[in-house]
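Below is one structure; the comments refer to it alone.
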Amino acid sequence: MRATAILLATGKIPSLLESVASFLTQDHEDSHLIIVNAVQRQTLVFDHPKVTVFNVKQTPCLPMKARNYAMTLVSEGAIIAWPEDGVALPGFLSSVASALDGREWCWFEKEYVFEAGQHMKLESASEFSFAFTKMAFDKCGPFLPGINGSSERNLVGRIVSMFPGEKTAVTSPNLIRVGNRDEREQVTPSAVCGHIKLAPAMTRDWQSLAQVAQSGKRKNSVCIVELGRNGDIINILPFCKMVADRYQKPHLMVAREFLGLLDGVSYVIPYPTDLHYAKLGQALRIAKADHSIVVNCQIYGEEFQQTRMAKSFNEESFRNAGIWNLFKDNTLRPEFDLRDRDREKVLVEQVRGDDRREMILVNASAGISSPCPQCTVLLDEIRRVWGEMYNVVDLTQVKGDRFYDLLGLYEASKALCSIDTAHLHLCAGTNIPVVALLQPKAEGWAGTQVRGGNCVASIFYNDVLRDNCQSLHESLAAALERPNPTIKARTPKKKVERRIFHMVDRHEDTDKAVIERKSKMMASWDPLYESGQLIPAHCWSYPRNARDILGDQRPLPYLRDLIINAAKQCRDNDILLFTNDDNWLHQDLPEYLQFHVGVYGPCSIFRTEIRGSMPGPQMRPEQIAGHSREKHVGRDGFAFTRAWLEDVGEDFPDAVLAASDWDIHLACLIRLHYGIVTTGSNIFEVISPAEIPKGYTMHLAHQSAWSLNQHDSPANNWNGQQFKTWAAHRLPLLKLTEHGNLA
Amino acid sequence: MKLCAFTLALDAIRFLPRQLAVFEQLKLDWHWFIISGVADSVLDTSWVAKIPPRLSLDGTDEWLTRHLDHPNITVIRRQLWPGKNAMVQAAISKITEPCVVMQIDADEIWLPSQLETICEQFSQDHCDRMRFYCRYFVGPDLIVTTENLWANRPGEWNRAWRWTPHMVSIKHEPPLFQGIGHREMDREATRALGLVFNHEAYVYEDQVAFKEKYYLYPGAVAGWKRLQAHTQFPTKLKPFMHWVEDGVMVDKIPQLPPLQLAPDLAH
């Protein structure tokens with residue numbers, strides 16, 4: 001059955017874009033949207049085979065008239081009013097078509113109302129959940145005058161009384177009204193006049209929000225937050241690609257003004273926000289409401305404090321992403337896999353004009369985040385010296401349809417010389433030799449470090465001006481000697497399926513309080529076992545124990561034996577997760593580990609110590625972490641692949657479990673995998689990606705057996721000595737006591 | 001018709017490989033749901049003892065892990081289930097097509113031909129449910145020979161049902177499902193078709209030890225050991241297993257009437 005949606009546009013452009021975007025996601029094939037624009041001063045433009053825009057130019061235009069006009073465009077099938085301030089989930093029109101089968105109307109009983117930008121409420125359905133056939137309209141229409149929806153309600157009343165029937169029950173509605181009645185009324189029409197080219201896009205993950213409302217559980221999805229500007233977004237594209245290749249296509253949250261950039265990449269789901277790019281705190285709150293995993297790559301913004309540890313802001317952004325160790329990896333390039341080669345050719349020809357000499361691209365003035373007003377003289381200076389041999393192009397005068405169209409121009413040019421703008425980030429997508437002009441040394445963190453290996457020289461603004469451009473010309477000369485080969489697109493690797501084996505040392509407890517405490521924690525494991533997200537690999541018997549081998553009072557098992565027991569059950573890429581037998585596990589932990597171990601590699605899990613009552617299991621990990629007031633150095637979990645274990649080999653400690661130090665030892669080993677050197681001061685810090693955020697596990701505070709008068713037990717001494725010996729070679733800065741404990 | 005069997009398994013490594021060998025000989029479409037873990041003593045099984053949450057200790061779960069990718073096996077695990085009925089429900093809720101559902105406990109062994117006959121009876125629409133006699137083992141070569149008493153009471157053993165999705169399990173002991181038709185093929189009729197299964201309930205000492213602890217049968221292991229050492233058969237079972245009725249008799253296998261025995265009786 002053909003389904004036609006009629007949308008009355010009243011100038012609320014942001015919500016209109018959201019609404020139209022939701023129409024475009026509908027899975028019902030035979031569907032059509034008629035937008036009737038009742039705002040005379042605006043002309044909406046949108047070219048799509050499934051969408052017709054009708055701009056009413058009559059003054060004044062009554063909505064009723066506009067709707068009746070739209071009805072003349074419909075010849076058959078189902079008709080439904082499409083809300084300007086609402087969105088429909090992908091199955092909405094299919095459910096309409098199916099509910100209308102053999103009937104003249106259908107009315108879903110419920111719909112969602114999304115209040116205050118955060119709460120999804122189930123409410124009785126409005127007229128937007130009512131659909132009818134063209135035949136019913138022909139008999140009961142037309143729309144009559146009325147305000148605030150009374151025109152529609154009046155028609156609904158006539159249809160329902162002429163064709164008696166029941167409402168359709170729904171448990172999970174597919175229609176979401178954005179804002180409650182008051183909030184919707186407060187939205188004022190946009191003041192923009194003239195032609196408005198519609199670029200529909202979703203600013204929220206509505207499916208995820210509906211899922212949370214229905215089941216309390218978020219959809220597993222990654223959202224990378226980098227609101228802008230262009231250069232910052234381009235900088236983190238290699239990370240987005242990594243996530244897409246190794247885990248799943250991530251959402252990339254950007255400020256709407258930079259959305260066009262994402263037309264060039266297939267490996268992210270664009271997630272625009274109408275917030276200004278500096279509103280980071282707000283953006284993060286939205287991202288966390290919609291997604292289970294949020295990675296913030298942005299290094300500045302309101303309600304956000306950035307710790308500066310890297311040399312530059314774009315390196316810091318890599319650090320935020322958890323790939324600081326890969327910043328110098330020149331194989332990680334910003335990849336635009338949806339380049340429009342025809343558009344690029346046209347741009348190159350436009351820029352080149354009749355001048356067939358090789359081009360030097362120069363951008364010496366248009367910097368927003370790092371402006372250099374004095375640099376404007378540099379273009380003339382470059383033209384003076386190099387202009388006879390080369391076509392020196394002023395990049396500030398070049399405008400591509402999309403910013404990434406410049407990639408074609410870079411590839412067709414000999415060299416690029418640019419002050420600190422997005423060009424310095426985009427050029428890493430090619431091999432064009434680059435001379436970068438950066439912020440003065442004193443503010444070095446704010447200057448871009450050009451990635452990709454094609455930066456011939458980075459010169460500071462003031463140095464260039466001070467040495468009469470000598471350094472600039474020398475650098476350009478060197479750049480011009482370099483080749484500019486095109487980068488070949490990489491073949492994406494096949495995604496690896498990983499199972500997660502939950503390794504736990506199990507033993508029979510006799511103390512009732514201990515059994516009760518552990519049972520409470522273990523209850524969180526069962527849903528994960530039942531769903532298959534975790535595969536239990538519990539070990540109850542071991543070939544060795546500390547009593548027999550070390551003379552300890554307790555028959556404590558060895559870590560390696562536990563791991564061997566699990567490793568022999570799994571494959572190379574499977575994940576081995578160790579936790580203690582008294583750890584509560586967050587229901588999002590397996591999915592987070594799939595992401596973390598898949599994208600980054602091994603990790604350890606800091607203890608999140610809880611005293612008193614446990615926080616609610618539905619809380620997000622960071623909220624759970626907020627309930628823990630204690631700074632605990634111990635680790636409660638580790639996760640790594642069997643392949644990593646084999647790589648580490650003998651470096652992996654042969655430690656005794658339930659004794660001291662081994663967890664710190666293993667945590668330090670994992671940190672070294674990422675080049676992170678553990679010191680006495682950073683041992684307490686959660687350092688990504690060696691450690692995952694707190695709150696994915698919990699531990700109820702209790703006195704540990706190994707700390708009770710057994711500091712120098714044989715097992716503790718054994719572990720301490722192993723750690724001390726290992727650290728002496730690998731972590732010389734770490735100060736340890738005689739027994740191998742942290743000083 | 002397709003066969004969907006479910007088995008509740010805790011420390012069942014001795015039986016699961018043998019049962020899989022039977023399934024793999026079937027000439028019909030089959031699926032096996034294995035539900036692993038401890039059932040809490042609640043509802044219809046509230047009379048059994050409490051066991052702390054755990055999975056198997058005898059290698060069962062390692063064996064299950066090895067078969068996770070088996071296309072005909074679904075493994076469902078929890079350390080602690082809220083009763084046996086929840087275990088059954090977890091399995092049958094995953095059945096999406098009409099089929100024959102069978103409860104095959106970990107210690108129950110069928111022949112492939114028997115399972116095929118059962119499915120054939122349902123395919124020919126002869127019944128909606130089936131009850132069976134079993135050969136109840138109280139030692140590796142000892143079987144209960146009496147009928148309508150302990151081990152083969154009149155209401156036992158409901159094991160096969162005609163299934164359509166959305167039917168639900170009401171209780172496990174004895175099994176009761178909502179939505180099953182009323183046409184039952186009784187024990188005599190199924191026996192006439194050769195459908196008697198082996199119930200190896202007291203074959204191994206650790207099985208008896210578990211029952212002593214779980215079903216609260218004090219002295220079960222000692223009595224079982226005495227029975228294994230006993231030389232005069234047939235004999236009454238009551239002196240060895242005090243919880244059975246007076247008339248229950250036990251005998252050695254070779255002296256039984258010729259029956260079609262399941263494989264691997266010698267263990």
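Chain identifiers are assigned alphabetically (A, B, ...) following the order of the sequence lines, protein sequences preceding nucleic acid strands; residue numbering begins at 1 within each chain.
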Quiz prompt | Residues, nucleotides or ligands: over 12 heavy atoms within 6.0 Å of A:K495 NZ | solution = yes

Quiz item: What part of B:R77 is in contact with chain A, defined as an atom under 4.5 angstrom from a non-hydrogen atom: side chain, backbone, both or neither?
Solution: both

Practice problem: To the nearest 0.5 Å, tell me how far B:R78 CZ sits from A:M522 CE. | Solution: 14.0 Å

Self-check item: From A:S531 atom OG to B:I76 atom CD1, the distance as rounded to the nearest 0.5 Å
Solution: 11.0 Å

Quiz item: Around atom CG of A:D101, are there more than 12 heavy atoms of other residues, nucleotides or ligands at under 6.0 Å?
Solution: no

Self-check item: Part of B:L68 within contact of chain A (heavy atom distance under 4.5 Å)
Solution: side chain

Self-check item: Flag if over 12 foreign heavy atoms under 6.0 Å of CD, A:E516
Solution: no

Exercise. Measure the CD-OG1 distance between A:Q569 and B:T65 for me, rounded to the nearest 0.5 Å.
Key: 5.0 Å

Self-check item: From OH (A:Y529) to CG (B:L80), nearest 0.5 Å
Solution: 13.0 Å

Self-check item: chain A contact via B:D69 - side chain, backbone, both or neither, heavy atoms under 4.5 Å
Solution: side chain

Quiz item: NZ of B:K213: more than 12 outside heavy atoms within 6.0 angstrom?
Solution: no

Exercise. To the nearest 0.5 angstrom, please state how far the NZ atom of A:K518 sits from the CD atom of B:Q79.
Key: 11.5 Å

Practice problem: Would you check if A:R506 and B:L57 make a side-chain contact, meaning some heavy-atom pair closer than 4.5 Å? | Solution: no

Exercise. Between chain A and each of B:S36, B:P52, B:P53, B:G37, count heavy-atom pairs under 4.5 Å; write down the option with the most.
Key: B:P53

Quiz item: Is a side-chain donor or acceptor of A:D526 paired with a backbone partner of B:W81 at a separation under 3.5 angstrom?
Solution: no

